[in-house]
Engineer: 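What follows is a single structure, and I will ask about it in a moment.
All ligand and atom numbering here is 1-based and tracks the order in the structure. Sequential numbering from 1 along the given sequence is applied to the chain's residues. This structure is a prediction, so every number in the text was calculated from the model and none was measured.
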Amino acid sequence: MKFFIRVPLKVTLFGEHAVVHGKPAIASTLPIHVSIEAMDIDGDRLIITFNNVLLPIESLALDRKNTKIIEVKTNEETIKKFINYITTALDICEDEVRPGKRKGFLIDLKSPVPTGVGLGTSAAVSVGTIMLCLASYLSTTDVEKNLVAKLSWATEQRVQGAASPMDTYTITFGGIRYIDPSTPKAEFIESPIKMNFIIGYTQKRFTTGMLVRVVKERLRKLQSMTHIIDAIGGVVEEAKNYILRGDVESVGMLMNINHGLLDALGVVTQEHHVIVNMLREAGALGAKTSGAGGGGAFIALARDEKHAEILKSVVKTLGATVVATSLGFSGVEILEKQ
Ligand SMILES: Nc1ncnc2c1ncn2[C@@H]1O[C@H](COP(=O)(O)OP(=O)(O)O)[C@@H](O)[C@H]1O
Ligand SMILES: C[C@@](O)(CCOP(=O)(O)O)CC(=O)O
């Protein structure tokens, strides 16, 4: 059987990090996708092809006569770690639907962004792999999305040690989602007017797992950090109400507050401060780091479509990459099965 799966990336509007500690958050899918073409193969091998991926080579041997590469050596542990979301998702899915069974897959994975930029690439890989595995074992494209979200979240938790359901639930169901991690619940929320967001990224040097551990450690050490987490929770509740009312001025002000609180958690880089401040000077209603931080994704709210184009050029001048100027509607989809 052959499958084609489209998995949207996501952006966090409000509440990252605090959501790992039980507070709600608001995230949305983006109109850019990881695409997965896959099929079952005989035996228990896993063959994966990638794009946009940089993995270290340790040594290579080359034939000087025809410049053909004879042998390439890479660090096995680094590679295994990199594909951990895929192998863990398959293990978790198979243990759920066919305990103990392991079968072969050929997976061609294409990402529109480099790995780990804070737009939910790891969650997209987890959700896409779970969707593929369930569809393959259950022989249907009509897969129960609650199960996809649950198993994808379990994948992120196992690989990262700690992970909220925000990324996996948002990517599974799609649109703007208010995430209550305690249930977990992913409530669809809609603004009565179009909000003109600019979403971009800079290089990120740390993985989400590392940044989550840094915040956790600081929380354990400093009592004051719990107040920051509580304050972020308050910002999220207020933001939900203003999004539902279409009050973009207030949504923007709350984005700025959230950015300040992320800075207090210690996950905002100097480069992001510069970008966020320049965007505000250019008239953005709000701007903030988005996702785990340490560089990576950011989001700004423009006044209207024309203003979004101005902010886009500000971002480009600063050397960052713009990935979207609107939010997405759809969650993970299987488009084809033969
Ligand atoms: N295209 C891809 N193919 C396979 N794995 C990927 C891909 N992109 C990301 N990943 C996995 O996700 C990890 C990055 O996760 P993370 O730091 O959480 O980034 P993000 O914030 O974008 O989710 C990578 O180290 C890799 O394990
Ligand atoms: C920091 C966190 O709240 C969001 C991570 O987002 P991303 O991996 O940077 O896309 C972690 C989580 O919710 O599990």
Engineer: With heavy atoms of Leu119 as the reference, note each atom of ligand 1 found under 4.0 Å away.
Structural biologist: 22 (O)

Engineer: Do any nitrogen or oxygen atoms of Thr115 lie less than 3.5 angstrom from nitrogen or oxygen atoms of ligand 1?
Structural biologist: no

Engineer: At what distance is the nearest protein heavy atom to atom 27 (O) of ligand 1, and which residue and atom is it?
Structural biologist: Phe82 O, 2.7 Å

Engineer: Is the Lys NZ or Arg CZ of Lys150 less than 6.0 Å from the centre of Tyr169's six-membered ring, within 45° of the axis?
Structural biologist: no

Engineer: Quick check, are the ring centers of Phe82 and Phe50 under 6.0 angstrom apart?
Structural biologist: yes

Engineer: Which one of Gly116, Ala292, Ser111 has a non-hydrogen atom at the shortest distance from atom 14 (C) of ligand 1?
Structural biologist: Gly116

Engineer: What atoms of ligand 1 come closer than 4.0 angstrom to any heavy atom of Phe50?
Structural biologist: 3 (N), 4 (C)

Engineer: For Trp153 and Ala163, indicate whether the former's side chain and the latter's backbone hold a donor-acceptor pair under 3.5 Å.
Structural biologist: yes

Engineer: Distance alone, cut at 3.5 Å: any donor-acceptor contact between the side chains of Asn196 and Arg303?
Structural biologist: no

Engineer: Would you confirm whether Thr12, through its side chain, and Phe14, through its main-chain N or O, come within 3.5 Å as a donor-acceptor pair?
Structural biologist: no

Engineer: Is His259 reaching over with its side chain to a backbone N or O of Ser290, donor-acceptor style, under 3.5 angstrom?
Structural biologist: no

Engineer: Say whether, by atom type as modelled, one donor and one acceptor occur between the side chain of Arg205 and the main chain of Gly295 under 3.5 angstrom.
Structural biologist: no

Engineer: Ligand 1 versus Val117, non-hydrogen atoms closer than 4.0 Å: side chain, backbone, both, neither?
Structural biologist: backbone

Engineer: Can an N or O of Ala123 be found at a distance shorter than 3.5 Å from an N or O of ligand 1?
Structural biologist: no

Engineer: Please evaluate residues Arg158 and Ile92 with respect to the criterion side chain to side chain contact (heavy atoms under 4.5 Å, CB included), reporting the C-alpha separation (whole Å), side-chain torsions for both, the decisive distance (0.1 Å), and the verdict.
Structural biologist: CA-CA 9 Å; Arg158 193 181 293 177; Ile92 285 179; 3.5 Å; yes

Engineer: For Ser122 and Glu156, test the side chains for any donor-to-acceptor distance below 3.5 angstrom and give the result as yes or no.
Structural biologist: yes

Engineer: Within the structure, does Gln160 bring an N/O atom to less than 3.5 angstrom of an N/O atom in ligand 1?
Structural biologist: no

Engineer: Using a strict 4.0 Å cut-off to heavy atoms of Thr207, name the atoms of ligand 1 that fall inside it.
Structural biologist: 17 (O)

Engineer: Do Glu144 and Asn146 pair up side chain to side chain, a donor and an acceptor below 3.5 Å, judged on atom types alone?
Structural biologist: yes

Engineer: Check whether the side chains of Ser136 and Asp40 place a donor and an acceptor atom closer than 3.5 Å, and report yes or no.
Structural biologist: yes

Engineer: Answer yes when Arg102 and Asp91 have at least one side-chain N-carboxylate O distance shorter than 4.0 Å, and no when they do not.
Structural biologist: yes

Engineer: State if Asn84 counts as touching ligand 1 under the rule of any non-hydrogen atom under 4.0 Å.
Structural biologist: no

Engineer: Hey, does Lys204 sit under 4.0 Å from ligand 1 if you only count heavy atoms?
Structural biologist: yes

Engineer: Please list the nearest protein heavy atom to atom 12 (O) of ligand 1 with its residue and the distance rounded to 0.1 Å.
Structural biologist: Ser122 CB, 3.3 Å

Engineer: Within the 3.5 Å criterion, strictly below it, is a donor on Ser182 or Asp180 matched to an acceptor on the partner's side chain?
Structural biologist: yes

Engineer: Just by modelled atom types, is the Ala282 backbone N or O under 3.5 Å from a matching donor or acceptor in the His307 side chain?
Structural biologist: yes

Engineer: Answer yes or no: does an N/O atom from Thr121 fall short of 3.5 Å to an N/O atom of ligand 1?
Structural biologist: yes

Engineer: With a heavy-atom distance limit of 4.0 Å, tell me whether Asp167 approaches ligand 1 through its side chain, its backbone, both, or neither.
Structural biologist: neither

Engineer: Any nitrogen or oxygen of Gly118 lying under 3.5 Å from a nitrogen or oxygen in ligand 1? Just yes or no.
Structural biologist: yes

Engineer: Given a heavy-atom cut-off of 4.0 Å, could you list the residues near ligand 2 in chain and number order?
Structural biologist: Lys10, Glu16, His17, Val19, Val20, Gly118, Leu119, Gly120, Ala163, Ser164, Met166, Asp167, Lys204, Thr208, Val212, Gly291, Ala292

Engineer: Return the residue, atom name and 0.1 Å-rounded distance of the protein heavy atom closest to atom 17 (O) of ligand 1.
Structural biologist: Thr208 N, 3.0 Å

Engineer: Return yes if a side-chain donor-acceptor contact under 3.5 Å exists between Asp263 and His272, otherwise no.
Structural biologist: no

Engineer: Which bit of Leu109 is near ligand 1, meaning a heavy atom under 4.0 Å away: side chain, backbone, both or neither?
Structural biologist: side chain

Engineer: Which protein non-hydrogen atom lies closest to atom 11 (C) of ligand 1, naming both residue and atom, and how far is it?
Structural biologist: Tyr85 CD1, 3.7 Å

